[in-house]
Amino acid sequence: MLTVVTCSGGGCQKAFTSRLVLSGFTLSSFTCSVTVCISQPLDISDNNTDNNTTAESTDPPQRFTRKEILTLISMASVNFGSMICYSILGPFFPIEAVKKGASQTVVGLIFGCYAVSNLIGSLVLGKYIVQIGAKFMLIAGLFVSSCCTIIFGFLDRAPAGPIFISLCFIVRSLDAVGFGAAMTSAFAMTAKIFPNNVATVLGSLEIFTGLGLILGPPLGGWLYQSFGYEVPFLSLGCLLLIMVPFNIYVLPSIEAVPSKDSFFRLLTHVKTILVCYVVFTLSAGLGFLDATLSLFAINRFGLSTGYVGLIMLGLSLPYCLASPLMGYFTDKYPATRMAVLVAGGITATIGFCLLGPAPFLHIQSQLWLLVVMLGLIGFSLGMSAIPTFPEIITCAYEIGFEEGLSTLGMVSGLFGAVWCTGMFYGPIVGGIIVQHLSFEWAAVVQGGLAFLGAFLIFMYSLCQRTKQQRVQENSQEADERTPLL
């Protein structure tokens, strides 16, 4: 056995004197210069080396275990069921609410209270996910959300006026807390069970999120036209309720130790704040489009509500396609996440500026351009949304958070809270700008928010790279000044 000094990435060179002892005979001393970094025993055997190399190269790739496959099925069902129940209100609830004496402002507040309640619920539940239990939180969230969806279907029987409006606020807020609990737990459990493929798995699951958002409005509108107000909520609420016993059976239980860390410490990292701002711009852009795009398309191009729904597919389908691709790419090359965020922000900026298009571009508004830009925005959402969650997890570990479910729960809660903040901001501020200026200028503002996020991420990455280069140069200079003997 010969002890050899090897190097794992470069370091200082030192001269040393080595004495070989073979079979009890002492050979002469010799002096040599090597790179010293890690000392390890080396077995001098060509046969063993060849065998090990062959074994490593012929090992089959790891496959998902039964636990992982069941978790994927469970998370996909949660994403799809929750999002389809969330999105069915758009086509018909505002009409019914106005009939019950609610103004347009009150209708907007009913939608807005969902984001506020989800924000508060995500922060609180993300902090105490270990104490509550990740599996119990997800199942309880599904149960609450499904029951609230069913109850919402009976609100048309409530007396018109303040009683109806109050019940809408209460039921919608409870639904948001249940939804926040399910999604916070789902994100945390996914990151816990798939620690090395977080972005890939989340990107794949976002396909089902997109399908829920795509199918929700047309399915809800068709059920409403065919069977009335109650059936859309009752049918989809029961579908969500069926998932409760299914997830009780398939979901694994995860034991963890509570952490003493807090959200405030997580936000002391500059990169965490910048990534959270990117998440905010994404959800704000989506909220803005949900609230204003349909009226713009109807007034500008004279489209019916059915065609507006088809136009929205131009936003959802590219997102569904981009999400798994970006997830796989950023998992395979994690160092590119920040660059992908920059590219996604610039792409979103171009999409929003040409969506109207911007008045200062002096380009005539055309339907084909609107659809193409919606597709570009949808693809940019996939580029920017998927890398953010694993990047925040990386930031948490960089500042000393313990690896475990407690940290993942806080990251998931923070992500959900920032997302809900954008969903609350986007429709309100976007609607105000549309009312006082125009849709074109409001879209430019959203593009400006996306560009600001890309610019800040780029400047931060540039500063970090410059800092690392200076550290390496200083280290090399110190190594050169170190005497060899």
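Heads up: numbering here begins at 1 and tracks the sequence.
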S.K.: For Gln464, give me all partners under side chain to side chain donor-acceptor pair (under 3.5 Å), at least two apart in sequence or on another chain.
M.R.: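 By the side chain to side chain donor-acceptor pair (under 3.5 Å) rule, Gln464 matches no residue at all.
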S.K.: For Phe280, check ring pair (Phe, Tyr, Trp, His ring centres under 6.0 Å) against everything at least two apart and list the hits.
M.R.: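 Checked Phe280 against ring pair (Phe, Tyr, Trp, His ring centres under 6.0 Å); matches are Tyr425.
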S.K.: Name the atoms and distances for all side-chain donor-acceptor pairs under 3.5 Å in residues 375-388, with sequence neighbours left out.
M.R.:
residue	atom	partner	partner atom	Å
Ser380	OG	Ile377	O	2.6
Ser384	OG	Ser380	O	3.2
Thr388	OG1	Ala385	O	2.5

S.K.: Determine, step by step, whether Phe246 and Ile73 satisfy the side-chain contact (heavy atoms from CB on, under 4.5 Å) criterion, reporting the C-alpha distance in whole Å, the side-chain angles of both residues, the deciding distance to 0.1 Å, and the verdict.
M.R.: CA-CA 10 Å; Phe246 171 75; Ile73 296 174; 3.6 Å; yes
S.K.: For Tyr224, enumerate each residue passing the ring pair (Phe, Tyr, Trp, His ring centres under 6.0 Å) test, keeping only those at least two apart in sequence or located in another chain.
M.R.: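 Partners of Tyr224 by the ring pair (Phe, Tyr, Trp, His ring centres under 6.0 Å) criterion, ordered by chain and then number, come out as Phe92.
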S.K.: Which residues pass the side chain to side chain donor-acceptor pair (under 3.5 Å) test with Ser283, sequence neighbours left out?
M.R.: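 None.
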S.K.: Distance from Leu167 atom CG to Phe164 atom CZ, nearest 0.5 Å?
M.R.: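 The distance works out to 8.5 Å.
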S.K.: According to side-chain hydrogen bond (donor to acceptor under 3.5 Å, both in side chains), does anything in residues 270-279 pair up with another residue at least two apart or in another chain? List the pairs.
M.R.: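 Pairs touching residues 270-279 that pass the test: Lys271-Glu391.
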S.K.: Side-chain polar contacts of residues 336-348 - donor-acceptor pairs under 3.5 angstrom, sequence neighbours left out - could you list them?
M.R.:
residue	atom	partner	partner atom	Å
Thr336	OG1	Tyr333	O	2.6
Arg337	NH1	Thr394	OG1	3.3
Thr347	OG1	Ala343	O	2.7

S.K.: How long is the straight-line distance from CG of Leu414 back to CD1 of Ile393, given to the nearest 0.5 Å?
M.R.: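 It comes to 11.5 Å.
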S.K.: List the atom pairs, with distances to 0.1 Å, where a side-chain N or O of residues 426-433 and a protein N or O form a donor-acceptor pair under 3.5 Å, not counting sequence neighbours.
M.R.:
none

S.K.: Just verifying a value: how many Å separate Cys113 SG and Phe424 CZ, rounded to the nearest 0.5 Å?
M.R.: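 The distance works out to 9.5 Å.
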S.K.: Not counting sequence neighbours, which residues clear side chain to side chain donor-acceptor pair (under 3.5 Å) with Ser77? List them please.
M.R.: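 By the side chain to side chain donor-acceptor pair (under 3.5 Å) rule, Ser77 matches no residue at all.
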S.K.: If you look at every heavy atom in Phe352 and Phe288, which pair is closest and at what distance?
M.R.: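 Minimum heavy-atom contact is CE2-CD2, 4.2 Å.
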S.K.: Apply salt bridge (Lys or Arg N to Asp or Glu O under 4.0 Å) to Lys99 and list each qualifying residue two or more places apart in sequence or on a separate chain.
M.R.: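 Here the qualifying residues are Glu96.
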S.K.: Mind checking ring pair (Phe, Tyr, Trp, His ring centres under 6.0 Å) for Tyr319 and listing every partner two or more places apart, or none if nothing turns up?
M.R.: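 Tyr319: no ring pair (Phe, Tyr, Trp, His ring centres under 6.0 Å) contacts found.
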S.K.: Name all residues meeting the salt bridge (Lys or Arg N to Asp or Glu O under 4.0 Å) criterion together with Arg157; count only those two or more places apart in sequence or in a different chain, and write none if there are none.
M.R.: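 Scan of Arg157 (salt bridge (Lys or Arg N to Asp or Glu O under 4.0 Å), adjacent residues dropped) gives Glu230.
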S.K.: Can you classify the ring geometry of Phe451 versus Phe455 as parallel (below 30°), tilted (30 to 60°) or perpendicular (above 60°)?
M.R.: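 Plane angle under 30°, so parallel.
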